[in-house]
Student: 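Sharing a structure, written as structure tokens. Questions coming.
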Amino acid sequence: MENLKRLFDNNRKIVEEVTASDPEYFKRRAGKQEPHFMFIGCADSRVPLESLTGAAPGEMFVHRNIANQALNADLNVLSVLQFAVDVLDVKHVIVCGHYQCGGVKAAMGDQSYGLVDYWLAGVRDTVRRHDLELRVIASPEERFQRVVELNVLRQVYNLSRTPVVQSAWKRGRRPLLHGMVYDLQDGLLKPLALHVDGPEKVQELFEARRESIGD
Amino acid sequence: MTEAPRVVDRSVIAAVRKLPEAWSSWRTDLPASIVVFLVALPLCLGIALASGAPLFSGVISGVVGGLVVGALSGSQLMVSGPAAGLTAIVVSAIGALGSYEAFLAAVVVGGAIQLVLGGLRAGVLGYYFPSSVIKGMLAAIGLILILKQVPHAVGYDTDFEGDQSFIQANHENTFSALMHSLQSIQPGAIVISMVGLALLVTWDLTPLKRIRLLPAPLVVVLVGLLLNLVFKSTASSWTLESSHLVALPTPASLGEFAAFFSFPDWSALQRADTWRVAVTLGIVASLETLLSLEATDRLDPFKREAPPNRELFAQGVGNITAGLIGGLPVTGVIVRSAANVGAGARTKLSAILHGFLLAGAALSIPSLLNYIPLASLAAILLYTGYKLANPKLLVSMWRQGVTQALPFVITIVAILFTDLLVGIAIGLSVGLLFLLIEHSRQRCYEIVSPPGAVLKRVRLHEQVSFLSKASLAHLLNNLEPGSRVEIDGSRSAHIHQDILEFIGDFRQTALLKNIELRLVGIDLPPPGPTH
């Protein structure tokens, strides 16, 4: 109970502070939202999304789940995506993973964690698919990081295959898809794939990858 | 054993079925043609009188309209002949050209122009006459028939039969003639027309209607003729004098008959005036024909569509023929066509036979025809008028809403107070105006984004004509500053140049109003020089 009370107390304190310097702050934010970004991230509590990008309220439309999945059969993420693209007209859709992701870790091992095993089937698939590339990485720590990155790229690809993005691209070069990773250690965002704005860009991305690993 | 003869029977039936359809319907078409002939006869004479042309020229025109145009036309029910709508043009043309023979040369050239118009497929214009205007024209002609025939029905025969103008040839107007007619009522005429009307209204209720060879209008004429003979034999004051009867010229000899024909004076073709008259005739006669054709198609109980370009061709040949032998110009005519439909005609055989009858009657029994009282014919035309201007039609038009009812009513009023062609021109303008209004209200786009979306997505329809500019302008000009809009023309097969230019201009406006404009599948022309 103590902890929950703290949330309310903090909330009240922050509102007082903000309204003291800017009395209209919250009223302004209550108007129409026209965010430019949609963010698909991990549910992990160690990723302080707003504070690490400095995004103000109204700037970012957020969807978070375990291991930042954008599955083509997940009605939840598809609805969020459709609303963001068709209604809010966001310009950027960002998939952001993070190193030391518990979901990815779980998908790499044999341990069973219950319901989440089903959810992570896609990540397990990614691991198997990139077996050749991963096998040559000696350090387990680096292999873990690589799977996190591959998972993000996989989700960018998934997004590019959704009807919402496909039909939006047919009408123009929007939205732009981006893949990036957050490093819990130093707090920095590391870009993986930026400005994917059409099928050719998706193709390019995966051609380049195939060459780099000699597949 | 009985099989073999049946097979023979079938082959006979098949052979009979192969006979031209036109000749198989003589049972309905022959009586109808007699009615049309009786109605046409005084109209031909009246129009010739009003045109300031020799009386017999109207009959020649009627014969050509029946035989030549009737045979060539693709319409099953339209009757052609001299038209009241052309009288004003004919009077002034004869005056301007100096002689009837010179005028005939212009008629021949006018016919040739119609051939050219038919070749250029100008007949499709007929498809664009708004339905409300055509219906208004029919109703107006019905009303004109009633208003103009009432004086004839009561024996006030100063105006010519078939006049359709508000200002009549005898310098009265429709209503003053009505008033005057009430002051000079001929009791004999009233009796004849009332008996005629009563016969027409009740005939279909009696078993007599089954005698197809004896249609009611024919009975009306016979009864009227007999009644007047009875008046005459009893030396009654009700007797109708020759001024109230059909007045077909009666030649005493064959030589005198030959003198009824006149021939074109080709030297007139050296004058520009002749060509001007020819062009006017060619165009106006074509228009009147196309209108009549549309109107007759409406009246056709079998809803057949007549080919308009073939009609122009038939009319052209008809006018060349009429001009060559001294007839007035022909056009398709609605009153006779309506009488044709009303008398139960089914095929063009009726129109052709009416031509034969006109020719035959003029040759053989002119003096007999001159016993027919105009009041009898007035009764037939009053009844035709009532059928055309049926109050039910008015009610049904009213129910179709203002965009249909207003052009309809305006057409009626305009025709009643001017004449057929001027009235139609007014009606068509109003009809087209309403068409424009209706179409400009029609949206050329769909908003495909969900309500409240930050980006308003506008998808243009398959066909975006310049008429839809108003609706698009309304949408774009009402956008809030700072909003985003996408115009998607990728599914449009055709976008009119005016619309493209409008969107191009809006791109500038959007910049000023801070509106984010995105175009999809629209290739804008490069911005031209600013004016």
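Lettering follows sequence order; numbering is per chain, from 1. Excluded from the calculations below are hydrogen atoms, water molecules and symmetry mates; all remaining heavy atoms, backbone and side chain alike, are included.
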Student: Can you check salt bridge (charged side-chain N to carboxylate O under 4.0 Å, His left out) on A:Lys91 and B:Glu516, steps first, answer last?
Tutor: CA-CA 13 Å; A:Lys91 188 169 183 184; B:Glu516 193 181 325; over 6 Å; no
Student: Does a salt bridge link A:Lys170 with B:Glu486, judged by any charged N lying under 4.0 Å from a carboxylate O?
Tutor: no
Student: Roughly how far, to the nearest 0.5 Å, is CD of A:Glu34 from CG of B:Leu455?
Tutor: 10.5 Å
Student: Heavy-atom count check: over 12 atoms from other residues, nucleotides or ligands less than 6.0 Å from B:Lys513 NZ?
Tutor: yes
Student: Can a donor-acceptor pair be found, under 3.5 Å and without considering hydrogens, that links the side chain of B:Arg484 to the backbone of A:Asp89?
Tutor: yes
Student: Is the number of heavy atoms from other residues, nucleotides or ligands within 6.0 Å of CZ (A:Arg28) greater than 12?
Tutor: yes
Student: Could you check whether atom CZ of B:Arg298 has more than 12 heavy atoms from other residues, nucleotides or ligands sitting under 6.0 Å from it?
Tutor: yes
Student: Apply side chain to side chain contact (heavy atoms under 4.5 Å, CB included) to residues A:Arg171 and B:Arg518 and explain how you reach the verdict.
Tutor: CA-CA 9 Å; A:Arg171 288 181 277 116; B:Arg518 294 181 215 162; over 6 Å; no
Student: When you look at CG of B:Leu512, are more than 12 heavy atoms from neighbouring residues, nucleotides or ligands closer to it than 6.0 Å?
Tutor: yes
Student: Are there over 12 heavy-atom neighbours, none belonging to A:Phe144, within less than 6.0 Å of that residue's CZ?
Tutor: yes
Student: Looking at every non-hydrogen atom in both residues, tell me the closest pair between A:Asp86 and B:Arg457 and how far apart they are.
Tutor: OD1-NH1, 4.2 Å
